[in-house]
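Worksheet: one structure, shown below.
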Amino acid sequence: MSVSEILPGFFFIQRGFLNGNHFALKSEHPVLIDTGYISDFDKTAFLLDSIGINPANTGLIINTHCHCDHVGGNRLIQDMSGCKIAMHRIGKHFMDIQDSWSTWWRYYIQDADFFKCETALEDGAILAVGPYQFEVIYTPGHASDGIVLYNPENRILISSDTLWEYDMAVMTVRVEGSRALFCMDESLDRISRLEVDMVYPGHGKEFTDFEAAIQRAKTRLKRFMSDPSSVGLDLIKKIVVYTLMMRGSFISHRFLDYLMTTPWYTETVNLYFQGEFEKTYNMVMTELIDREIVFEADDCLFTNVTP
């Protein structure tokens with residue numbers, strides 16, 4: 001977790017993997033890009049305060065997509081500040097009709113609150129973040145309302161969950177549709193044409209080797225397309241870890257029973273692993289424990305991943 005000033009008055013706030021990274025423009029009416037996870041809002045407020053920003057003065061929130069780790073603070077900040085919120089028109093539609101499924105919240109049993117979104121962003125729009133101009137580029141795949149923000153003057157890309165340095169965000173075909181992998185591939189092709197010196201992803205630290213990250217992501221997508229079970233395995237591992245981060249811990253002998261009550265686990269195992277729920281669970285947990293991503297203590301499961 002760190003805060004750095006990437007342009008005068010414009011800050012990058014790096015979080016862990018429960019909270020999406022976010023950005024803040026320091027001004028009389030601050031602009032925030034993504035707001036982290038709802039249960040960690042006190043930490044979000046503390047980090048904003050460390051750079052002299054009071055969330056109650058926020059003028060605008062811009063969201064890169066509607067998943068809970070990126071919009072968690074929206075309702076709280078909007079209630080205290082009356083700020084406007086802007087996101088892609090598909091995400092705005094989800095907010096307008098209060099669709100807790102397409103946002104992933106109900107599918108993955110996540111905490112988030114609906115909020116009022118005033119501005120529907122379109123592909124190609126130019127957003128003014130204080131003195132800085134960002135182009136909105138629509139990048140569906142991971143999220144149907146996903147966007148990245150590109151500042152050509154400084155060759156900066158806020159890539160959100162469209163592009164990470166070494167890994168890839170979860171691909172949820174059962175919510176995003178059977179074209180999700182192809183949409184992500186097309187989105188990567190779109191942004192690959194940009195001139196980028198620095199990338200600020202939705203999770204993890206900033207990085208400079210844009211072309212290598214694109215190639216790694218496309219290689220992984222190619223593997224996902226040729227071996228569908230690898231999509232399911234990647235999803236289960238990530239959401240198991242995410243669940244442990246959300247909850248802090250879980251009683252070991254009750255964890256599978258809990259997963260069986262969720263839409264995502266049963267659907268994923270039925271889709272990719274022929275409904276072998278216990279076998280798949282044991283395979284995933286053995287790998288996560290062997291890699292020391294998950295550990296067991298006092299009959300409880302925990303994760304070492306920073307939230």
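Within the 4.5 Å cutoff, the side chain of S187 has heavy atoms near those of the P140 side chain. For the pair I109 and P263, the minimum side-chain heavy-atom distance is below 4.5 Å. For the pair Y107/T172, a side-chain contact is recorded, criterion being any heavy-atom separation below 4.5 Å from C-beta on. Within the 4.5 Å cutoff, no side-chain heavy atoms of K116 are placed close to those of I85. Residues F115 and V71 have side chains in contact (heavy-atom distance under 4.5 Å, counting atoms from C-beta outward). With contacts defined as side-chain heavy-atom distances shorter than 4.5 Å, the pair D185/M225 qualifies. For the pair K237/R291, a side-chain contact is recorded, criterion being any heavy-atom separation below 4.5 Å from C-beta on. Using a 4.5 Å heavy-atom cutoff, the side chains of C68 and Y37 are in contact.
With hydrogens and angles ignored, the 3.5 Å screen pairs a side-chain donor or acceptor of H142 with a backbone N or O of V170. E176 contributes a side-chain N or O that, together with a main-chain N or O of S144, makes up a donor-acceptor pair within less than 3.5 Å. A donor-acceptor contact shorter than 3.5 Å links the side chain of S226 to the backbone of R223. Side chain of S249 to backbone of F302: no donor-acceptor contact under 3.5 angstrom is found. The backbone N or O of S102 sits less than 3.5 Å from a side-chain atom of D99, completing a donor-acceptor pair. Between the S4 side chain and the I6 main chain, no donor and acceptor come within less than 3.5 Å of each other. Listed for the D209 side chain is a donor-acceptor partner under 3.5 Å among the backbone atoms of A212. Here the side chain of D234 pairs no donor or acceptor atom with the backbone of S230 at under 3.5 angstrom.
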Can you list the steps and then say if L32 with I77 is a side chain to side chain contact (heavy atoms under 4.5 Å, CB included)? CA-CA 10 Å; L32 308 179; I77 295 172; 3.7 Å; yes
Verify side chain to side chain contact (heavy atoms under 4.5 Å, CB included) between F134 and I158, making sure each step is shown before the conclusion. CA-CA 9 Å; F134 285 88; I158 296 175; 3.9 Å; yes
D113 and N74: CA distance, side-chain angles, deciding distance, side chain to side chain donor-acceptor pair (under 3.5 Å) verdict: CA-CA 8 Å; D113 288 333; N74 281 26; over 6 Å; no
Steps toward side chain to side chain contact (heavy atoms under 4.5 Å, CB included) verdict (I156, Y150): CA-CA 6 Å; I156 286 173; Y150 175 58; over 6 Å; no
What's the verdict on side chain to side chain contact (heavy atoms under 4.5 Å, CB included) for T103 and M95, showing C-alpha distance, side-chain angles and the deciding distance? CA-CA 9 Å; T103 56; M95 294 303 114; 3.8 Å; yes
From CA spacing to verdict: side chain to side chain donor-acceptor pair (under 3.5 Å), S160, T64: CA-CA 6 Å; S160 189; T64 59; 2.7 Å; yes
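Partner of L60 under the side chain to side chain contact (heavy atoms under 4.5 Å, CB included) criterion, out of I33, L25, T119, V31: V31 alone.
The pair R15-D69 does not meet the salt-bridge criterion, since no charged nitrogen lies less than 4.0 angstrom from a carboxylate oxygen. Ion pair R155/E195 flagged as a salt bridge, since at least one NZ, NE, NH1 or NH2 atom sits closer than 4.0 Å to an Asp/Glu carboxylate oxygen. Residues R216 and D167 are not paired through a salt bridge, judged by the lack of any N-O separation under 4.0 Å between the basic side chain and the carboxylate. A salt bridge links D189 with K218; the closest basic N to acidic carboxylate O contact falls under 4.0 Å. Between R190 and E186, none of the side-chain N atoms (NZ, or NE/NH1/NH2) sits under 4.0 Å from a carboxylate O, so this pair counts as no salt bridge. At a threshold of 4.0 Å, the pair D145-R89 does not count as salt-bridged, since none of the basic side-chain nitrogens sits closer than that to a carboxylate oxygen.
Ring geometry for H88 versus Y138: interplanar angle under 30°, hence parallel rather than tilted (30 to 60°). The aromatic rings of Y108 and W264 sit tilted, their planes meeting at an angle between 30° and 60°. Taking the six-membered ring for Trp and thresholds of 30 and 60 degrees, W105 and F114 have ring planes inclined between 30 and 60 degrees apart. Between F250 and Y258, the angle of the ring planes lies from 30° to 60°, which puts this pair in the tilted group. The aromatic rings of Y132 and F10 sit tilted relative to each other, their planes meeting at an angle between 30° and 60°.
Hydrophobic cluster membership is shared by M283 and L271, with clusters built from Ile, Leu, Val, Met, Phe, Trp and Tyr side chains linked at under 4.5 angstrom. Residues Y272 and L288 share a single hydrophobic cluster, defined by chaining ILVMFWY side chains whose heavy atoms lie under 4.5 Å apart. The cluster map of Ile, Leu, Val, Met, Phe, Trp and Tyr, joined by side-chain heavy atoms under 4.5 Å apart, puts I13 and L18 in different clusters. By the criterion of side-chain heavy atoms lying less than 4.5 angstrom apart, applied directly or through intervening Ile, Leu, Val, Met, Phe, Trp or Tyr residues, Y200 is not grouped with F207; the two fall into different hydrophobic clusters. Transitive grouping of hydrophobic side chains (ILVMFWY, heavy atoms separated by less than 4.5 Å) brings Y281 and I289 into a common cluster.
More than 12 non-hydrogen atoms from other residues, nucleotides or ligands lie less than 6.0 angstrom from CG of D290. Other residues, nucleotides and ligands contribute more than 12 heavy atoms inside 6.0 Å of the CG atom of D197. The environment of CZ in R254 is sparse: at most 12 heavy-atom neighbours from other residues, nucleotides or ligands sit within 6.0 Å.
In this structure, the separation between CG on L188 and CD on Q215 is 10.0 Å, given to the nearest 0.5 Å. Remark: N63 CG to L121 CG distance equals 9.5 Å, nearest 0.5 Å. With rounding to the nearest 0.5 Å, the separation of CD in E28 from CG in N57 is 8.5 Å. Atom CG of L48 sits about 7.0 Å away from atom OG1 of T44, to the nearest 0.5 Å.
Nearest approach of G141 to M171, heavy atoms of both residues: O-CE, 3.5 Å. Smallest separation of non-hydrogen atoms from S81 and P55: CB-O, 3.6 Å. Contact detail for P201 and W164: the closest heavy-atom pair is CB-CD1, 4.1 Å. Minimum interatomic distance between K92 and E118 (heavy atoms only, all atoms of both residues): CE-O, 3.7 Å. Nearest heavy atoms, A112 versus I38: N-CG2, 4.5 Å. Minimum heavy-atom separation, M245 to P307: SD-CA, 3.8 Å.
For the residue pair H70 / D161, a side-chain donor-acceptor distance below 3.5 Å is found, with atom types taken as modelled. If you check the side chains of T139 and T162, you find a donor sitting under 3.5 Å from an acceptor. Looking at H253 and D299, their side chains do bring a donor and an acceptor atom within 3.5 Å of each other.
Here S2 pairs with Q14 under the side chain to side chain contact (heavy atoms under 4.5 Å, CB included) rule; sequence neighbours left out. For N282, the side chain to side chain contact (heavy atoms under 4.5 Å, CB included) criterion is met by E278, not counting sequence neighbours.
Two rings, from H65 and W104, have their centers 6.0 Å or more apart.
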